[in-house]
Every structure is written in structure tokens, then in C-alpha cells.
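Below is one structure, written out as C-alpha cells; the observations come after it.
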Amino acid sequence: MPDPAPAPHITGVAARDMAARYNRADFRAWARRAHSTGGCAQPVHLRGRVTHLDPQTGEILHHYSTAREPGGVLRVACKTRRASRCPACAETYRADTYQLVRAGLVGGKGVPASVTSHPAAFVTLTAPSFGPVHTRRTGKTGAVVACRPRRNGGTCPHGRPVSCTVRHSDGDPRLGQPICGDCFDYAGAVLWNAHAPELWRRFTMAFRRYLARSAGLRVSDLREVLTVSFAKVAEYQRRGLVHFHAVIRLDGPNGPNAEPPAWATLDLLKAAVDHAAGAVTVTSPAAGDVPAKDHVWGSQIDVRPITTSGELTDSAVAGYIAKYATKAAECVGTLDRRIRPTDDLADLPISTHARRLIAECLRLGAVDEFAGLRLAEWAHMLGFRGHFSTKSRHYSTTLGRLRADRIDHNRRQDDDVTTGRLPFDDDQVLVIAHWRYLGQGMTPGEALLTAALTGKPLPALSTYERSSA
């Protein structure tokens, strides 16, 4: 019987490195630190010290130095949102986003429970078509049907078949790839991605104008009676275009603490979305061989009411938005880092479609008319440079507040440093800290041990790049 294949992450080098780390005298301290970072896959390495002083007497109340840490280095969590870089930290970000979104639907985190009575909908805005791509379609019975069947077949102007009769599986690498790469409008696709944030901004403006006009008000007067609150996340489709999912809620003039006016109904919200999605456009100028383009939303606009029970619940929406808040363009087959000047596109481990999108970003990034879009800098994101997760001021709490609450909670678990003069005298403590950044990441062996100790999943082994000073 043949020997089983080794696990994909365990190479000979990784196994030896893991054994070396395990056999070190400071392994237990290193393991405790791995647990304290939550299993971070790319911890930040710091060297330094913190001293707590009594400002009146100069007495040293407490002193900490990284000299007592394994290797003389303190490892702290990277706190990235991207699951492709660090699944552990991305899970924390996902959980925070879930709480943020759900609080805006059912209350909590400073939002009153009465917010459940406010009209709210889950809105999806998509990109238009830039050429036919392979897709997975299902029929009325739920069975998978042919991708793009054509009764008479035929070919495109480049001599390639326009029909695809394959019933694609969910993991088929052809999904999202153009039927004909030469027919696909790559320039239009990357320019649309680059203008998507502005398209969303104009959508929100048109949305408010429609509400004001429906109520017989000026836009400047709308805020006196109604507030539009939203939480939004961007998601990449496999074809390389972003689309937006948003929770849109109608509140009173003071946000979730006030009831919206009686005329602010779910039907009005849906009508405002349909109007705004079709009314806005962003124009990019003609440059070189690229004509002027009007960038608009696609025809697939979806507006569904959110309820505490039923088909689309608050928990389902919060989970859906939180899930995509930790992702980027990985589903397209691109990189999760910036394109370096030394990179050769032909050698990068990316799909053919992603390679052509990146190449188009680099080409258009050198055109003066598109310099403000910074396409070359955001080529790995296929031109999109907006925030993946955003919200309006009144929707609910903030990620910063959730992080601050977590820090305060962790601090309360430790003994506070005090002068001992409470409650009668001033108990201020002077804190002097000095930190130096040394690098980030782990060796392959350390990564395997961290995953084994904490139960956190491993990203691709190639992401473990360690730098030190």
C-alpha cells in the first residue's frame, strides 16, 4: 500500500523548523504568546520597553521589557481584515462587522431596540456587462443547466464559439472567465471598478433627493425630518467586477433614536433605490484608444426587506455582509498584494483573466487623463480603490469603538498600576514607552505550530515572509 501524501503545508524544511522551535527552552513562553495573539498568522515583531513612574516621587512602579520575551521580541496580532493574509485576525474583524451591522437592525451597542420598526432593506447594486463570461445557472427546479447555450451556435468576430453547453460545477475555474477574451471590454471593466466609489456616492445623493421630492421637501430640509442610514460592503464577482451590498434604513431626524415620519415606508425606500440606481452616471474622458465612457449601474438591482423573522432576517444579512468584509479580489484569481515594479506578469500565479485586467490597469495607469485614478497602484484590486466596508454616521456603533471596548476589557483583566494614594491623593501614573518595529510574519515551522496550538486555519504558505531588523 503506498504511503499517504504529506499534508500540503508540511515540507521537509517546515518540519525541521517546527522541531527546532519546539525543542527550544523558551517554547512554552513562545506558545503562550501565540495564544495571546489569537493565532495570528503574520504577527508584528516589536522590541522595546514600558516604564510606569510615580510623577511625584520618580519611583518606578512597573517596568516591562521585551528582553524577557522569546528571542527578545514581542509579537502582537497584525489585525488585518483580509482572510487570505491572516484567518485569525480576519475572523475578529468579521465578528466585529457582524455586531456592527446587526446592532443597526435589532439594537444594541448604543442603538435602541425600537430601530426594528424602522423601514430597512438589503440592497444589491451590480456592475453592467462588459462581455459574456462563463457562469453557473440553475433552472426552475434548482438543477444546474447549460452555461450559455445557443441554438445555432456561431462564432464571435475573433472566430471563437459564442456558445457554452457545459454545466459548470461551483468550483469550476472557468467561472467568471470571458467566453472570448478579445471580445471582453477590459478597459471598460477596470475603469468601472475605479469609478464605482463615486458611483455609490452619487447614488446616495440621488436617493436622498428622491425622498425629499416625494415628501415635497428641499434636500436641505430633509435632514430635519428624516435620516438615511446605511452599512455597505463591496464584493468581487468572479468576472472581476465589484458590486455593493448595503443595508439601507430610514430613521427620524436624530438617527435611530427617533421614529421616521409616517410617509417613510418600505415601498418608498424601494422606489428611491430603483430611481437612484437608474439616474446616476459617472463619465470618464476619452484618452488614446479608449473612448469616453458613461459608467452606470448594471440592470440587476435587488431590494429585499429585512425582518426579524422570515426569508431575510437581520442575522442572515449581518452574516452575509460580515463574510465579504474580510475578502478582496481572491475569487477572481488575482494577488492579495500590490504589483511590484520587479514583477513579471507572465510569471505571477494568477488566472489569465486576472492577468489581462491587471495589465489593462498598468497600461491605463500610464495615461495622463487617468492619473488621478491611480490604476497602477491598485492593479492588484483590478482598479477598485474604495473602502470595502463603510457605514453612515448614524447607522450604529463603529469598529473603532468595538476595538476600544475590547482593549478596555483586556486591561481590566490585569492589575492596574497605581501609586497607592487613592482615594485621597492624586493617583496619576506617568507611562514612558519606547518601541521599535523589527518585522512581521513567521517561519513555516512557526506557522504550523501556531495553527496546531490555536486551531486557527493556515493561509497559503507563500504568505509567510519574515523580515527583521
| query | Should the ring pair Phe207 and Phe203 be called parallel, tilted or perpendicular, given that the plane angle runs from 0 to 90° and is split at 30 and 60? | reply | tilted
| field | Interatomic distance, His118 atom NE2 to Leu269 atom CG [nearest 0.5 angstrom] | value | 13.0 Å
| task | Scan Arg85, Arg82, Lys327 and name whichever one has a salt bridge (Lys or Arg N to Asp or Glu O under 4.0 Å) with Asp336. | result | Arg85
Can you confirm whether more than 12 heavy atoms, excluding those of [X], are under 6.0 Å from its [atom1] atom?
{"X": "Arg218", "atom1": "CZ", "value": "no"}
{"X": "Tyr22", "atom1": "OH", "value": "no"}
{"X": "Ile60", "atom1": "CD1", "value": "no"}
{"X": "Gln300", "atom1": "CD", "value": "no"}
{"X": "Arg223", "atom1": "CZ", "value": "no"}

| request: Any salt bridge (charged side-chain N to carboxylate O under 4.0 Å, His left out) involving residues 104-122? Give me the pairs, sequence neighbours left out, ordered by first then second residue. | output: none
| request: Check step by step if ring pair (Phe, Tyr, Trp, His ring centres under 6.0 Å) holds for Phe230 and Trp200. | output: CA-CA 12 Å; Phe230 69 84; Trp200 166 261; 5.3 Å; yes
Side chains of [X] and [Y]: closer than 4.5 Å at any heavy-atom pair?
{"X": "Thr454", "Y": "His35", "value": "yes"}
{"X": "Leu74", "Y": "Arg47", "value": "no"}
{"X": "Val303", "Y": "Phe122", "value": "no"}

| request: Would you kindly check if the NZ (Lys) or CZ (Arg) of Arg356 is within the cone defined by 45 degrees around the ring axis of Phe184 and under 6.0 Å from the six-membered ring centre? | output: no
| query | Do the numbers put Arg49 on top of the ring of Trp435, so that NZ or CZ is under 6.0 Å from the six-membered ring centre and no more than 45° off the axis? | reply | no
| note | Applying salt bridge (charged side-chain N to carboxylate O under 4.0 Å, His left out) to Asp26 and not counting sequence neighbours gives Arg21, Arg24
| Can a salt bridge be assigned to the pair Arg249 and Asp251 using a cut-off of 4.0 Å between side-chain N and carboxylate O? | yes
